[in-house]
Trainee: 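Sharing a structure here in structure tokens format.
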Amino acid sequence: MADIIQLLPDSVANQIAAGEVIQRPASVVKELLENALDAGATEISLIIKEAGKTLVQVVDNGFGMSETDARLCFEKHATSKIKTADDLFSLSTMGFRGEALASIAAISHVELKSKQPDNELGTCILIEGSEVISQNSCQNQTGTSISVKNLFYNVPARRNFLKSNTAELRHIIDEFQRVALTSPDVAYTFYNNGHILFQLKTANLKQRIIGIFGANYIERLVPLKQESDHVNIYGFIGKPEFAKKTRGEQFFFANNRFIKHPYFHHAVNNTFQELIPENAIPSYFIFIEVDPKSIDVNIHPTKVEVNFLDKRLIYAILGSSIKKALAENNLTPALDFETEPGLNFDFSADRPINPPQIKINPDYNPFESDSKPASSFQKEKDVNLPHWEKLYDSPIDIPTEKEYSVHFESKQQTNAEENKHNVVQGGLKYIITSVKSGLMIINQQLAHERILFEKYRDQFQSGKNTSQQLLFPIQLHFTMADSEIVQQLLPDLKEIGFDLEQFSQQNFVATGTPPEVLESQIQSILEQIIENHKAIKDFDKDRKINFAKSMARQLAIKAEKRLKTEEMTQLINELFACQIPDKSPGGQTIIKIISTQDIDEKFQ
Ligand code: ADP
Ligand code: MG
């Protein structure tokens, strides 16, 4: 048989290789912007037409290229950024593989103009499909301008694969924003089809975020800063109340390079979990700085996944630094309680804030389920976030249980009569009481849900549970699939007070339950726990939090339940002893204050 292997012509090989680096116009935008930053530019213009399909141009005022370099930069592996493989480990530039310009030149029409500061004239080069068409001296301001036209003109398959202009423009904007966030000290102008889309002045990070995402971000951002031997974390997180249902404003940067990191994303989301509605995603702009040696740099230039050696440690520090930031900014939560008599406690906001010390256990792995599930929550709490509770305790404006009841009781003793009138039930749903600034309205069901949730969660954490033995064991029946789950969950269920025994494949008996649970509720509560359990995929911790949520939701007093004054005061007392009194475990608002001014307006 004849030989069948042939070497591909260079031009074809280049086009194929180019496809790895340049997938769409946005890839060109990213590479050109990064090159401009590497060239020390302080002003960069991005000009695109037809979502980059006909033109992507980047003009910078960086240090430019010599005549030889201007020609060389389009060669494969042409880079000024590394000389040896070792250099990879101390990389401070965006580019390093010398592939971008070679790839772009293979699949488009490129015009490059570049001038170095000391030269009178610059160099102008035209290249089409890797072939140099012309090279001349030309007038140019110091810096570089690269125009990329007719992308994929010689790779129709790729060109056809491109999405609508709207979709491609979206990709370009994403890349632009990522680069712009890493370089607030650089001014950008971004023109789309002749119109300015973004004009960003030199700024600090906060101003840059506002410049990109809009002035209403001014009040949404909470600064984040945590330095340690292994990692420095800084940036901003969005306040919980502005978390959205859609993804979008979530940015991680590792050593000032945009990355995607689902594991770290989980760390952030988890920390916000009880503060935002289910399925909402908090915004964040988080910069992680580590020793370059502790990142796997041998990554594909277009890939944004990065491997950290210390990722478990960073996960833990990330979570605790966010908690600290939220607590320091009174986001857990701040209420206006300059109260009327009867609901009177010291609420002066000037109490000093003592940021917690963060101790980290490097062996901590939130993904590792403990061999003894009964204690894993405890372990996580102890080693990872020893100050979790303290964070919410004293530094913020929520009165402690003691503080609150001391005032309340003394008031009750001196003026029991007056006190009674301070709490009323509205619509069989709300507890209404007057505070200095107006009326405070508490949703009774959600309040109770919060109280129970924290109670069960704490039981998990402390390992102390109370179980009430049943006089007559109750028989329970589950489907095959659910029985499996119940079996798995037996140790956890025991922890919250459910003593269950399996006596056949689908049948169990309950011999004890948490004291609040009525016999008639046992089956339905367990079913709810199973349903919730099916919905979660990951971690040990989620499972237990979920348990607590299921129990709380089922057992909370419902709307339509008439409450006695004492019951209402007790509920308020317990609510304000909670760590997060104003949000239900599902993220709904429990407390609203209607200001006197608002009430006044209603009477006009
Ligand atoms: P890399 O960025 O990985 O080095 P590129 O193909 O993106 O590879 O660029 C090749 C080289 O061309 C760079 O190393 C740099 O020396 C030079 N270069 C590219 N763009 C610019 C620019 N805007 N200003 C100055 N030099 C540039
Ligand atoms: Mg580059």
Side-chain angles (χ1 to χ4, degrees), residues 14-15 17-23 25-47 56-108 110-119 121-127 130 132 135 138 140-148 151 175-176 178-180 182-183 186-189 255-258 292 297-304:
N14 281 346
Q15 283 171 20
E20 283 194 14
V21 186
I22 307 297
Q23 282 125 10
S27 331
V28 176
V29 169
K30 171 178 187 276
E31 296 297 339
L32 297 185
L33 289 177
E34 289 185 351
N35 279 348
L37 287 180
D38 283 346
T42 56
E43 271 174 44
I44 299 177
S45 300
L46 168 64
I47 299 149
V56 174
Q57 183 180 8
V58 169
V59 184
D60 70 55
N61 66 349
F63 47 62
M65 282 181 260
S66 71
E67 203 182 321
T68 318
D69 284 353
R71 173 65 197 84
L72 257 184
C73 72
F74 293 106
E75 295 296 328
K76 252 203 196 147
H77 311 301
T79 180
S80 53
K81 296 164 196 174
I82 61 169
K83 291 202 170 63
T84 69
D86 271 356
D87 293 347
L88 277 177
F89 294 96
S90 53
L91 213 57
S92 61
T93 52
M94 298 284 199
F96 57 88
R97 293 169 58 128
E99 276 178 327
L101 290 183
S103 301
I104 292 169
I107 48 171
S108 66
V110 179
E111 184 190 56
L112 170 128
K113 288 181 180 174
S114 193
K115 186 181 91 68
Q116 295 184 306
D118 298 341
N119 296 348
L121 284 176
T123 310
C124 178
I125 294 182
L126 283 182
I127 294 194
S130 304
V132 179
Q135 172 160 5
C138 66
N140 195 48
Q141 60 200 37
T142 295
T144 304
S145 157
I146 299 184
S147 307
V148 176
L151 188 64
E175 293 293 356
F176 172 79
R178 291 166 187 176
V179 174
T182 64
S183 50
V186 173
Y188 289 90
T189 317
N255 291 355
N256 219 25
R257 190 190 285 267
F258 174 79
V297 286
N298 198 10
I299 42 167
H300 193 277
T302 62
K303 284 229 175 95
V304 288

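We count ligands from 1, going down the list as the structure has it; atoms in each ligand are counted the same way. Both backbone and side-chain heavy atoms feed into the values below; hydrogens, waters and symmetry mates do not. Keep in mind that what you see is a predicted model, and the values were worked out from it rather than measured.
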Trainee: With a 4.5 Å limit on heavy-atom distance, are the side chains of F74 and V110 in contact?
Mentor: yes

Trainee: Name all residues meeting the side chain to side chain donor-acceptor pair (under 3.5 Å) criterion together with E75; count only those two or more places apart in sequence or in a different chain, and write none if there are none.
Mentor: R71

Trainee: Does any N or O atom in D38 lie less than 3.5 angstrom from one in ligand 1, N or O only?
Mentor: no

Trainee: If the condition is side chain to side chain donor-acceptor pair (under 3.5 Å), which residues does T144 pass it with, not counting sequence neighbours?
Mentor: S114

Trainee: With a 4.0 Å cut-off on heavy atoms, is G64 in contact with ligand 1?
Mentor: yes

Trainee: Is E31 in contact with ligand 1, taking contact as a heavy-atom separation below 4.0 Å?
Mentor: no

Trainee: Is it the side chain, the backbone, both or neither of V58 that has a heavy atom closer than 4.0 Å to ligand 1?
Mentor: neither

Trainee: Given that the side chain starts at C-beta and the backbone is N, CA, C, O, which of these parts of T144 lies under 4.0 Å from ligand 1, counting heavy atoms, or is it both or neither?
Mentor: side chain

Trainee: Mark yes or no for whether S66, through its side chain, and D69, through its backbone, hold a donor-acceptor pair below 3.5 Å.
Mentor: yes

Trainee: In ligand 1, which numbered atoms sit nearer than 4.0 Å to a non-hydrogen atom of A100?
Mentor: 6 (O), 7 (O)

Trainee: Is there any N or O on L101 that sits under 3.5 Å from an N or O of ligand 1?
Mentor: yes

Trainee: Between K30 and E34 (side chain of the first, backbone of the second, donor and acceptor by atom type, cut-off under 3.5 Å), is there such a pair?
Mentor: no

Trainee: Please check: side-chain N/O of D60 versus main-chain N/O of I44, any donor-acceptor pairing under 3.5 Å?
Mentor: no

